[in-house]
**Q** 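Okay, handing you the structure first.
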Amino acid sequence: MFSRRQSPPSPPWTDDEKEKHSYYSNNKDTHFNNPHLRFGALVFVFLSLWLLLLLIWFPPKTTPIVELDVDLVQKPQQQQNVHHHLIHKTQNPNRINTSTTAIAAAITTTKSPFTVPTCYPSVSVYVYPLPAKFNLGLLDNCHILNVYTNMCPHVANRGLGQPHPQLGSAASWFATHQFIAEMIFHARVENHPCRTLDPSRATLFYVPFYGGLHASGNFKEANLTARDELAVDLVDYVQSQPWWKRHNGRDHFIALGRTAWDFMRAADGPDFGANSLLNLPAVKNMSVLTVERHPWQGSNQQGLPYPSYFHPSTWQEMVAWQNKVREMERPHLFSFIGGPRKGLEKAAIRNEFIRQCGESTRCMLLKCGSGASKCHEPSEVLKVMSESQFCLQAPGDSFTRRSTFDSVLAGCIPVFSSPHTAYTQYKWFLPGDGSTYSVYIDEKSDASKRIEWELLKIPSEKVTAMREKLIELIPSLTYAHPNATNLGFGDAVDVALASLAKHIHTMI
């Protein structure tokens, strides 16, 4: 990098030569008949003309890009203007498969616009070095970690799954499984700046148990003792550690990639394949992060976002995506992605969503079912959402849906019919006033019978403000790439750790 502009080219002669030239010119009548002087003069003129020709045909190179970089460093206001120009001009705004690499590269000289989290003394995390059977050892049998699908492709890349270049950069976009948050969380904390290797300095103790993966592979285990065995072993191990005794486990936490219902088997109810992890007395002393907390019995449980498909490594990638979402054209008023349900109380509103969307010319319906379905293709899901103003979020087998977080990523305003789909679940991550980013239509109200009309009544200014709020929420609901360093924004793991530290401080 140069500190100043290049100097203009020097003249084709030195000062001494210039004096000689002047002397010859002033005394040409006296000396020009001298053959030696005449030959020297001819040689000098020839060389001078040759140098001039060289300068004309091969001018010195300039470095305007370097000078621009210097100006950006020296003039912060100009830098800000260039940044604004670069990140707000997006080509092909309707195309999902658009890499953010070029835009991100263009803004590397600017500072992050986000509040960058720091590790205050109250946030210092110790990661228990559990025996492998509780986490990474489970991956040796990844093909049986789910009774419905082979999880081997999904546990790759520390839980991010397979790269998905159809969505964008293969380094940031992945076909991430909806029940894999525990693996990504573990990988992020292991590389987190707030991690400490000295337990005596820790304010938080993380127990990295892959309980969701273990549970989903044992739903059909008829022997309840065998189904609970690993969870019981985990509690025995942690309780034997000296750091548990300091606060009887109240400064310990666990992160689970499945809903709380999968770990709270009822003694007097039907057996849905759940184990009893969250019913164990020692675990009730801990804080539990789960993608769906129990709304009535989860006093020690906190909602953790489902992972979506975007896992950036830099804030530039995040800014580029936010601006792309802002400029997307949305020809559909609303959309619904999902299939019908049978035998569930929550099936009624889902069936109503499918009916109303299918009958409307303003709705895009992506109906899911058994077998091959576009619902399992991330690019198809995000395409529908990115072309819609509103996304209907009906409860499924449980209250919450990964689709909610996909819709936020795509800038599609979620429409809820139950408060337990988001409002009572993710209080650490979502604004207290749900109307700032979502629409609530009670499934038992008359409004639920005329969804299209209810959405059409919302002023365009309100819709724009809600979408801006969604775009603002994208970073804190995103799981950054586990290998990221100097991320430049706070992701879901940052929010969880800071909130945990504050929460636990009030308990001990």
**Q** Side chains of Pro419 and Phe416: does their closest heavy-atom pair fall under 4.5 Å?
**A**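 Counting from C-beta outward, Pro419 and Phe416 never come under 4.5 Å.
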**Q** Classify the angle between the aromatic ring planes of Tyr306 and Phe179 as parallel (below 30°), tilted (30 to 60°) or perpendicular (above 60°).
**A**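 Taking Phe179 first and then Tyr306, their aromatic rings sit tilted (interplane angle of 30° to 60°).
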**Q** When you look at CG of Asn223, are more than 12 heavy atoms from neighbouring residues, nucleotides or ligands closer to it than 6.0 Å?
**A**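 For Asn223, atom CG is crowded (more than 12 foreign heavy atoms under 6.0 Å).
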**Q** For His252 and Tyr128, I'd like to know if the aromatic rings sit close, meaning centre-to-centre distance below 6.0 Å.
**A**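 Ring-ring flag for His252/Tyr128: true, centres closer than 6.0 Å.
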**Q** Tell me yes or no: between the side chains of Gln393 and Ser403, is some donor less than 3.5 Å from an acceptor?
**A**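 Yes, a side-chain donor-acceptor pair sits under 3.5 Å.
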**Q** Any chance you could lay out the side-chain contact (heavy atoms from CB on, under 4.5 Å) test for Phe134 and Leu230, step after step, and finish with the verdict?
**A** CA-CA 7 Å; Phe134 295 117; Leu230 194 63; 3.7 Å; yes
**Q** Which heavy atom in Leu477 sits nearest to a heavy atom in Pro305, and how many Å separate them?
**A**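 Here Leu477 and Pro305 meet closest at CD2-CG, 4.0 Å.
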**Q** So, taking the atom named CD1 in Ile337 and the one named CE in Met385, what distance separates them when rounded to the nearest 0.5 Å?
**A**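 If we round to the nearest 0.5 Å, Ile337:CD1 and Met385:CE are 4.0 Å apart.
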**Q** For residues Tyr126 and Tyr206, establish whether the separation of their ring centroids is below 6.0 Å.
**A**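 Between Tyr206 and Tyr126, which both carry aromatic rings, the centre distance is not below 6.0 Å.
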**Q** Can you measure from OG (Ser379) to CD (Gln166) and round to the nearest 0.5 angstrom?
**A**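 Result: 4.5 Å between the selected atoms.
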**Q** So do the side chains of Asn275 and Asp262 get within less than 4.5 Å of each other, counting heavy atoms only?
**A**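 SC-SC contact between Asn275 and Asp262 ruled out.
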**Q** Please report the interatomic distance CD1(Ile184) to CG(Asn157), rounded to the nearest 0.5 Å.
**A**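 One finds 10.0 Å between CD1 of Ile184 and CG of Asn157.
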**Q** So does Asp271 pair up with Arg227, basic N to acidic O under 4.0 Å?
**A**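 The answer is yes: the pair qualifies as a salt bridge.
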**Q** In terms of side-chain geometry, is the basic nitrogen of Asp406 or Arg402 positioned less than 4.0 Å from the acidic oxygen of its partner?
**A**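 So Asp406 pairs with Arg402 through a salt bridge.
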**Q** So which atom in Pro312 and which in Thr478 form the shortest heavy-atom distance, rounded to 0.1 Å?
**A**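 Minimum heavy-atom contact is CD-CG2, 3.7 Å.
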**Q** Might you work through the salt bridge (Lys or Arg N to Asp or Glu O under 4.0 Å) test for Lys469 and Glu472, ending with a clear yes or no?
**A** CA-CA 5 Å; Lys469 190 62 178 179; Glu472 177 187 322; 3.1 Å; yes
**Q** If only side-chain N and O atoms count, and only distance matters, is there a donor-acceptor pair under 3.5 Å linking Tyr479 with Thr176?
**A**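 Checked: Thr176/Tyr479 side chains show no N/O donor-acceptor pair below 3.5 Å.
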**Q** Keeping Ser216 on the side-chain end and Leu213 on the backbone end, is there a donor-acceptor pair under 3.5 Å?
**A**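 Yes.
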**Q** For the residue pair Leu130 and Leu234, what are the closest heavy atoms and their distance?
**A**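 Smallest heavy-atom distance, with atoms named: CD1-CD1, 3.9 Å.
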**Q** Taking all non-hydrogen atoms of both residues, which atom of Arg350 and which atom of Ala394 are closest, and how far apart?
**A**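 Minimum heavy-atom separation between Arg350 and Ala394: NH2-O, 3.6 Å.
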**Q** Measure from the ring center of Phe336 to the ring center of Phe334 and say whether it is less than 6.0 Å.
**A**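 They do not qualify: ring centres at least 6.0 Å apart.
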**Q** How are the rings of His294 and Trp261 set to each other: parallel, tilted or perpendicular (split at 30° and 60°)?
**A**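 Because their plane-to-plane angle lies in the 30° to 60° range, the rings of His294 and Trp261 count as tilted.
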**Q** Quick check: do Phe399 and Pro295 have side-chain heavy atoms less than 4.5 Å from each other?
**A**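 Of all side-chain heavy-atom pairs linking Pro295 with Phe399, at least one is under 4.5 Å.
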**Q** I would like to know whether Val439 and Ile441 meet side-chain contact (heavy atoms from CB on, under 4.5 Å); could you show each step before the answer?
**A** CA-CA 7 Å; Val439 175; Ile441 300 177; 4.0 Å; yes
**Q** Report the distance from atom CD of Gln389 to atom OG of Ser335, rounding to the nearest 0.5 Å.
**A**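 So the gap between those two atoms works out to 10.5 Å.
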**Q** With a 6.0 Å cut-off on ring centres, are Phe310 and Phe174 close enough?
**A**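 No: the rings miss the under 6.0 Å criterion.
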**Q** Distance only, no hydrogens: is a donor on one side chain within 3.5 Å (strictly under) of an acceptor on the other, for Asp228 and Ser276?
**A**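 A pair is found: one side chain offers a donor N or O, the other an acceptor, under 3.5 Å apart.
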**Q** So, are Glu380 and Lys383 salt-bridged, with charged N and O less than 4.0 Å apart?
**A**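 Not counted as a salt bridge, because no side-chain N and carboxylate O are separated by less than 4.0 Å.
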**Q** About how many Å separate CD1 of Ile254 and CG of Leu289, when rounded to the nearest 0.5 Å?
**A**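 That separation rounds to 9.5 Å.
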**Q** Using a distance-only test with no angle check, is there a side-chain donor-acceptor pair under 3.5 angstrom linking Ser360 and Glu452?
**A**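 Result is yes, a qualifying pair exists.
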**Q** Checking salt bridge (Lys or Arg N to Asp or Glu O under 4.0 Å) for the pair Arg258/Glu292: CA distance, chi angles, key distance, verdict?
**A** CA-CA 7 Å; Arg258 294 193 69 95; Glu292 179 175 333; over 6 Å; no
**Q** Please report the C-alpha distance between Cys391 and Val415 in whole Å, then the side-chain angles of each, then the deciding distance to 0.1 Å, and finally whether the side-chain contact (heavy atoms from CB on, under 4.5 Å) criterion is met.
**A** CA-CA 6 Å; Cys391 287; Val415 180; over 6 Å; no
**Q** State whether a side-chain donor-acceptor pair under 3.5 Å links His186 with Glu190.
**A**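 There is such a pair (donor and acceptor under 3.5 Å, judged by atom type) between the side chains of His186 and Glu190.
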**Q** If you define the side chain from C-beta out and look only at heavy atoms, does anything of Ser287 sit under 4.5 Å from Leu500?
**A**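 Touching, per the 4.5 Å side-chain cut-off.
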**Q** Evaluate the side-chain proximity of Ser386 to Val325: yes if any heavy-atom separation is below 4.5 Å, no if none is.
**A**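 Not in contact.
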**Q** If you count every heavy atom of other residues, nucleotides or ligands that lies below 6.0 Å from His503 atom NE2, does the total exceed 12?
**A**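 More than 12 within 6.0 Å, yes.
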**Q** Could you check whether Thr464 and Glu461, counting side-chain N and O atoms only, form a donor-acceptor pair closer than 3.5 Å?
**A**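 No, no side-chain donor-acceptor contact under 3.5 Å.
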**Q** Looking at the rings of Phe253 and Phe205, which for Trp means the six-membered one, are their centres under 6.0 Å apart?
**A**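 For Phe253 and Phe205, the ring centres are not under 6.0 Å apart.
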**Q** Is a side-chain donor-acceptor pair under 3.5 Å present for His154 with Gln178?
**A**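 There is no such pair between these side chains.
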**Q** So, does Glu317 use its side chain to make a donor-acceptor pair with the main chain of Ser313 at under 3.5 Å?
**A**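 Answer holds: yes.
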**Q** Would Glu377 and Lys374 count as a salt bridge (Lys or Arg N to Asp or Glu O under 4.0 Å) if you check the C-alpha gap in whole Å, the side-chain angles of each, and the deciding distance to 0.1 Å?
**A** CA-CA 5 Å; Glu377 178 54 50; Lys374 290 184 177 180; over 6 Å; no
**Q** Nearest 0.5 angstrom please: Ser417 OG to Asp442 CG, how far?
**A**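 Reported value, rounded in 0.5 Å steps: 8.0 Å.
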**Q** Looking at every heavy atom in both Ala501 and Val123, which two are closest together, and how far apart are they?
**A**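 Residues Ala501 and Val123, closest heavy atoms: CB-CG2, 3.7 Å.
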**Q** Taking the side chain as every heavy atom from C-beta outward, state whether Leu365 and Ile354 have any atom pair closer than 4.5 Å.
**A**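 Side chain of Leu365 against side chain of Ile354, heavy atoms only: contact under 4.5 Å found.
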**Q** Does the Arg293 side chain pair with the main chain of Gln302, one donor and one acceptor, at a distance under 3.5 Å?
**A**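 Between the backbone of Gln302 and the side chain of Arg293 there is no qualifying donor-acceptor contact (under 3.5 Å).
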**Q** On a heavy-atom basis, which atom in Glu443 and which in Ser418 lie closest, and how many Å separate them?
**A**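 Closest approach of Glu443 to Ser418: OE2-CB, 4.5 Å.
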**Q** Under 6.0 Å between the ring centres of Trp296 and His420?
**A**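 Distance test on ring centres: under 6.0 Å, yes.
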**Q** What verdict does the salt bridge (Lys or Arg N to Asp or Glu O under 4.0 Å) test give for Arg188 and Asp494, after you've listed the backbone C-alpha separation in whole Å, the side-chain angles of each residue and the deciding distance to 0.1 Å?
**A** CA-CA 9 Å; Arg188 279 278 291 129; Asp494 290 312; 3.6 Å; yes
**Q** So, do Leu277 and Phe209 sit near enough that their side-chain heavy atoms are less than 4.5 Å apart?
**A**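 In short, these two side chains touch, coming nearer than 4.5 Å.
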**Q** Can you check whether Ala492's main-chain N or O pairs, donor with acceptor, with Ser476's side chain at less than 3.5 Å?
**A**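 Absent.
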**Q** Contact between Gln316 and Thr110 at the side-chain level, heavy atoms closer than 4.5 Å - yes or no?
**A**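 No, side chains not in contact.
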